[in-house]
Structure formats: structure tokens, C-alpha cells
Amino acid sequence: MSELVPADRIEPSSNTTHQRSSIIYSFHESSDGIDKSHVNNEKFIETSTTPASIQELRQPQLQRKLKGRQMGMIAIGGTIGTGLFIGSGTTLSQAGPAGALIAYLVIGSMVFFVCTSLGEMSTFIPTSDPFNHFASRFLDPSLGFAFGWNYWYSWMLTVGSELVACGIVVQYWLPHVTGVVWSLVTLIIIFLFNAISVKGYGEAEFWMSLLKVLTVVVFFIVGILTVAGVTGGDHIGGRNWHVEGAPFKDNIVGILKACIVAAFSFQGTEIVGITVGECANPRRDVPRVIRTVFWRILLFYISSILIIGLVIPNNDKNLANAGSVSDIAISPFTIVFQKAGARWAAHLMNAIVLVTVLSAGNSGLYACTRVLWVLANEGKAPRLFRRVTKAGVPIWALAFTALWSTIIFCISLAGNQDVYVFLINLSGLSGILFWMGIGLCHWRFRRAYVAQGYDLNDLPYRAAFFPFGPVYACVLLAVIVIGQGYGTIWPKFDALNFVSTYLALPLFFIFWLGWKLIKKSKWIKLMDVDLVSGSIIELERNGDIQIFPNEVPGRWKTYFAWMRRRKTD
């Protein structure tokens with residue numbers, strides 16, 4: 001398969017086979033009322049410049065069956081995990097109520113820019129593996145190889161660790177039954193969710209995410225009532241901001257420590273970028289989901305940290321001790337519900353954490369499967385993983401990932417908690433690395449887009465505050481990478497935690513440099529970046545993506561139209 005380029009757009013150049021001046025949209029109102037003004041109707045001729053990696057993607061495809069409501073809830077629920085329900089108390093004990101709030105505001109703003117960067121690229125080029133694919137197209141194919149496999153093993157380790165966590169959670173109720181049984185049951189459940197079809201994964205995530213969202217909303221309401229003294233009989237007000245260590249604890253050092261913890265709490269928000277490859281209407285649904293990122297962060301994280309800081313004093317010993325799923329009885333969410341008079345709070349939160357663990361394992365298995373499938377299509381993984389079922393599921397990629405997750409789970413049985421912590425640390429830095437990759441890819445994508453003469457107004461979704469957004473995100477992420485090893489060196493050197501914290505870095509360089517030596521890949525010049533193949537414009541023109549009618553804004557959308565980014569003439 002070769003690249004399609006407008007016949008009147010081909011010009012000789014010493015740097016590249018062709019240059020593109022702009023994307024021309026010809027307005028056409030069809031008889032069915034569908035606005036196809038964004039589809040280029042010019043005649044195209046073929047050239048032979050399409051990379052082999054793009055040709056591979058012309059092979060059997062996934063099915064675009066994810067609905068807008070599923071993507072929206074996946075994006076919302078993806079921000080809510082054990083990092084919020086359990087680990088949020090650690091930030092309060094390290095930085096105080098005001099310091100923890102600042103830490104989550106800083107990290108939340110960084111995540112916002114990462115998501116908007118990913119949203120701009122994924123809307124323009126909808127793919128199931130943005131980390132490998134974008135790095136291969138905009139930076140260097142060897143970097144794409146490294147980012148792709150880095151993302152795969154990061155989530156594969158996460159799935160293995162979530163299997164361990166599931167066994168620990170259920171043992172809270174059934175301590176006499178070995179956790180291995182429940183871990184295997186969890187593996188079977190999430191495997192079936194993913195093996196049925198993308199609809200199975202999407203529907204399961206929709207309901208699990210909905211439950212997590214409702215929990216946070218109820219927590220917020222109960223927290224406000226508790227602070228006001230309506231429940232529990234004690235008017236707390238703002239007194240916990242005046243106890244020892246509040247409102248700031250350890251000043252800037254405490255805030256930096258809290259930032260590192262907060263960064264890992266947000267991991268998983270990028271999964272919405274993977275679902276784009278199976279989204280029925282990426283032109284509409286991806287921008288809609290990305291626009292809600294700010295409000296999701298504000299509602300679920302910032303408000304939760306504010307309530308926790310008001311209800312629980314930062315010198316509460318339980319906050320420092322809680323850090324894993326086995327500590328659900330002393331998690332900040334449980335403590336707040338208990339202060340409101342709910343004696344059954346620990347059981348409620350344990351059930352919610354169980355759902356959270358299932359959701360994380362389900363999403364991790366989905367993400368690994370799609371990334372491995374794209375790697376196979378680009379010749380960066382065995383061709384066996386390209387095979388898909390009639391329902392559009394990459395079954396061999398799914399089975400391979402499930403097998404390795406099971407192996408990791410079995411290895412963890414030898415040390416249980418120690419190995420569990422090791423796996424979490426190893427996958428944690430990997431998440432920071434592919435966030436940095438998103439920022440770098442967006443920087444190059446926008447530069448190539450402008451250099452080749454395209455009009456920014458033609459982008460289906462445009463990230464705000466460029467170039468500040470990706471630069472700010474990459475700098476802050478670099479600080480986090482350097483700073484997260486602080487606790488393993490001071491006050492006492494912990495060799496095991498130090499190795500597990502930074503092992504992802506040498507692994508990434510081995511993938512990157514090893515593939516570069518084998519394939520002799522080179523850095524892609526701005527004028528050689530392919531912005532046509534696989535773009536949403538080409539997919540719509542070729543009929544690979546259905547063209548939906550323009551959405552008529554409702555009354556509330558009209559009232560809040562100022563919140564949406566408008567295109568300039």
C-alpha cells in the first residue's frame with residue numbers, strides 16, 4: 001500500500017519526496033444532511049514513500065465499536081485508582097494539607113497538558129498504540145520500539161501486581177482462604193472481558209468506572225457534612241490546618257515528596273489514547289473526552305485531597321502507615337467515612353478497592369494487547385500477534401500478555417509484599433517515561449505540521465498553550481524521575497528499592513539503542529514526517545471511519561460554549 005498525495009501538491013525537493021502546502025477542505029452537503037466539509041474530495045495519486053510500518057497497519061484491523069459514553073466513563077474512571085483511595089493519605093502526612101493540595105494541583109496541571117497533547121495527536125491520527133506509533137513517525141523508529149515495549153511491560157507488570165492485590169483485598173473478608181484462588185478468579189474474569197470483544201471491555205469498564213465515580217461523589221458530600229459537623233457530631237471546620245505540621249510540612253521538600261506520590265496516583269489517564277483506535281467516532285468523542293480532563297482532575301483529586309486535609313490531621317499516624325491494599329482499614333477514605341459515623345466504612349471501601357483493582361487489571365490487559373498488536377503489525381513483535389478474532393480481538397497478543405502476567409504473579413508469591421512493592425516501583429518509572437514521550441512527540445508533531453505548511457485551524461482538536469504545555473510537562477517529569485530516588489538514598493541507602501526504582505531507565509535504553517543498532521534507524525526530519533497516512537482525513541475519505549452528522553449543541557452546551565476552544569478564522 002502506498003501513500004496518497006494530492007496530485008497538485010507534489011513538488012520536487014532535495015529533502016523529501018513531496019511537500020504539502022495545506023489540507024484543502026471542499027464543502028459538500030449531501031442529501032442525507034451530513035456535513036462532509038472536512039473530507040478532501042480531490043483525486044489522489046500514489047507515491048511509494050509510505051514506510052513499511054504504515055503498510056503493515058493496512059492488514060486486519062480492530063473494530064471501532066467503543067461508544068462515546070464508554071470512552072467518556074473510561075476516561076473518567078481511569079483517573080481513579082488505589083493511588084487516590086489509599087495513597088492520597090501519604091501526601092498529607094508528607095506535606096501537610098496545603099502542601100498536599102499544591103502538589104496535586106501541580107501534578108494535575110501536568111497531567112492535563114499530557115492528555116491534551118495526546119488528544120491532539122490521537123484525534124488527527126487515531127491509532128491503538130500512540131506511544132510507539134507517534135514516536136516512530138515523529139522522532140525515530142527505534143524510540144518508538146522502546147516506548148512501545150516499555151509501555152507493554154509496564155502494564156504487564158501492573159496486571160501481575162493487581163492480581164496479587166486482588167488476593168490481598170479478598171482476604172480482608174476471608175482470611176482463611178488463600179489469596180491465590182481469588183487472584184486466579186480475577187485473571188479469568190478480566191481475560192473473558194477482553195476476549196469477548198472490545199464491547200465487553202468497554203461495558204465492563206463503564207460500570208466499574210461509574211461505581212468509582214459515585215464513590216468519590218458520595219465521599220465529597222459526606223466529607224463536607226463531616227467538616228460542618230452535620231454528621232459525627234463534631235464541628236471540625238478548619239482546625240486541622242492549624243495543628244503541628246500544618247498547613248505546610250517540611251516546606252518545599254515536603255511538597256516535592258508529595259508531587260512524586262501524586263504523579264504515580266494519576267497513572268492510567270493516558271489509556272484513553274489507546275481506545276482511540278477502536279472509537280466509533282474519534283472526531284467527536286476524543287476532543288469531548290479530553291476537554292473534561294481538567295474537570296475530572298479538579299473534581300476527583302483536588303476536591304478529595306481538600307476534604308481529606310480538612311477532616312484528618314496531617315499528624316495522624318494512620319496516614320503514614322497506609323500504603324498498600326492491605327491497609328484499607330486505615331486509608332483516608334475509610335477514616336473520613338468512619339468520622340461521619342459509618343462503622344461499615346472499611347467494608348465499603350474494601351469493596352470499592354476490589355472494583356478498582358479489577359478495573360486496573362482489565363484496562364492493563366486491554367492496553368497491553370493493543371500495543372502488542374500494533375508492534376506486531378509494524379514488524380517490532382512476532383507476526384503471530386497480528387491475528388485477530390472475528391470480534392476484532394488480538395487473541396494471541398491477549399493470551400501472551402495474560403501468560404506473562406500470570407508468571408509475574410507466580411514469582412510474586414515467593415515474596416508477596418516485598419515483590420509486590422518491587423513490581424509497583426518498576427512499572428512506576430515506566431509510566432513517567434511514556435508521559436515524557438507524549439510531550440516530545442507532540443512538540444515534533446506540531447513543528448512538522450507547521451513546517452509542512454498545514455493550517456492549525458484544520459486540526460480536529462488543538463491543544464491549548466502550545467508550546468508551554470509539553471515543555472512544562474517534560475521538565476516536571478524529569479524532576480520527578482530524578483527526585484523519586486531520594487527516599488532510597490536518604491536517610492539510609494536501600495539497594496533493593498533503588499534498583500527497582502531506576503531499573504526501567506537502563507531497560508528503556510537497551511530497547512532503544514539495541515533496535516537502533518539492528519535497524520540502523522535515523523532521526524526523522526521535519527519535512528519527512530508523514531502526516532497523511534492513517535490520518536482521520538484519509539480514514540474518513542477511504543471509508544475506514546464512518547462520517548457522522550454534525551452534533552447540534554443542546555441548551556446547556558450553548559450556555560457553556562465559552563469553555564470550548566474555538567478555531568480562529
Side-chain angles (χ1 to χ4, degrees), residues 81-83 131 146-171 178-195 201 264 267-268 271 274 323-326 353-354 356-373 375-376 381-382 384-385 394-434 496-508 510-511:
T82 54
F131 316 105
F147 278 122
W149 278 104
N150 174 82
Y151 194 81
W152 179 84
Y153 81 71
S154 171
W155 273 105
M156 181 271 295
L157 291 173
T158 300
V159 173
S161 65
E162 296 299 343
L163 294 178
V164 177
C166 186
I168 296 173
V169 171
V170 179
Q171 280 187 315
T178 177
V180 176
V181 174
W182 308 115
S183 298
L184 293 178
V185 170
T186 301
L187 176 62
I188 294 173
I189 292 174
I190 62 177
F191 183 87
L192 291 177
F193 280 155
N194 281 270
Y201 159 77
F264 294 111
Q267 288 191 8
I271 285 184
I274 295 178
S324 70
V325 291
S326 61
V353 168
L354 178 59
T356 300
V357 169
L358 279 169
S359 176
N362 190 39
S363 295
L365 197 57
Y366 170 84
C368 285
T369 301
R370 270 55 184 180
V371 168
L372 189 56
W373 179 80
L375 286 169
L384 173 68
F385 301 134
I395 192 64
W396 290 111
L398 175 62
F400 181 76
T401 301
L403 174 63
W404 270 102
S405 296
T406 305
I407 292 174
I408 293 299
F409 161 70
C410 292
I411 293 174
S412 70
L413 295 179
N416 205 345
Q417 283 296 104
D418 291 336
V419 177
Y420 175 75
V421 173
F422 183 89
L423 295 177
I424 291 296
N425 289 343
L426 180 59
S427 62
L429 180 58
S430 299
I432 301 299
L433 290 178
F434 51 72
L496 178 62
N497 281 333
F498 180 83
V499 171
S500 65
T501 298
Y502 286 110
L503 183 59
L505 277 176
L507 285 177
F508 179 83
I510 289 173
F511 279 122

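Excluded from the calculations below are hydrogen atoms, water molecules and symmetry mates; all remaining heavy atoms, backbone and side chain alike, are included. Quick note: residue numbers are just sequence positions, from 1.
Taking 4.5 Å as the limit, some side-chain heavy atom of Tyr153 sits within range of a side-chain heavy atom of Leu507. Leu365 is listed as a side-chain neighbour of Leu398, based on a closest heavy-atom distance under 4.5 Å.
Tested against Phe409 for a side chain to side chain contact (heavy atoms under 4.5 Å, CB included), the candidates Leu187, Thr186, Val164 yield a single pass: Val164.
With values rounded to the nearest 0.5 angstrom, Ile190 atom CD1 is found 9.0 Å from Cys166 atom SG. Here CG of Leu505 is found 11.0 Å from CD1 of Ile432. Values are rounded to the nearest 0.5 Å. Interatomic distance, CZ of Phe400 versus OG of Ser405, reported as 10.0 Å (0.5 Å rounding). Here the OG1-CG distance, from Thr406 to Leu163, works out to 6.5 Å after rounding to the nearest 0.5 Å.
Judged purely by atom type and a 3.5 angstrom limit, Ser161 uses its side chain to pair as donor or acceptor with the backbone of Thr158. Between the Ser154 side chain and the Asn150 main chain, no donor and acceptor come within less than 3.5 Å of each other.
Considering all non-hydrogen atoms of both residues, Met156 and Cys368 come closest at N-SG, 3.3 Å. Listed here is the closest heavy atom pair of Ala399 and Phe191: CA-CE1, 4.1 Å. What you find for Ala381 and Leu372 is that their closest heavy atoms are CB-CD1, 4.0 Å. When all heavy atoms are compared, the tightest approach of Ala504 to Leu433 is O-CD1, 4.1 Å. Among all heavy-atom pairs drawn from Tyr201 and Ser363, the shortest one is OH-OG, 3.6 Å. Nearest heavy-atom pair, Gly179 versus Gln171, reported as atom, atom and distance to 0.1 Å: N-NE2, 3.3 Å.
Between Phe131 and Phe434, a ring centre-to-centre spacing shorter than 6.0 Å is recorded. Ring to ring, Phe193 and Tyr366 are not that close: their centroids are 6.0 angstrom or more apart.
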Can you check side-chain contact (heavy atoms from CB on, under 4.5 Å) on Phe511 and Phe147, steps first, answer last?
CA-CA 8 Å; Phe511 279 122; Phe147 278 122; over 6 Å; no
Under the criterion side-chain contact (heavy atoms from CB on, under 4.5 Å), I'd like the reasoning laid out for Phe385 against Leu375: C-alpha separation, chi angles, the key distance, then a yes or no.
CA-CA 9 Å; Phe385 301 134; Leu375 286 169; over 6 Å; no
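Under the 3.5 Å distance criterion, with hydrogens and angles disregarded, a donor-acceptor pair is assigned to the side chains of Tyr151 and Trp155.
Thr401 is linked by a side-chain hydrogen bond (donor to acceptor under 3.5 Å, both in side chains) to Trp152, counting only residues two or more places apart in sequence or in another chain. Judged as a side-chain hydrogen bond (donor to acceptor under 3.5 Å, both in side chains), and not counting sequence neighbours, the contacts of Asn362 are Asn194, Glu205.
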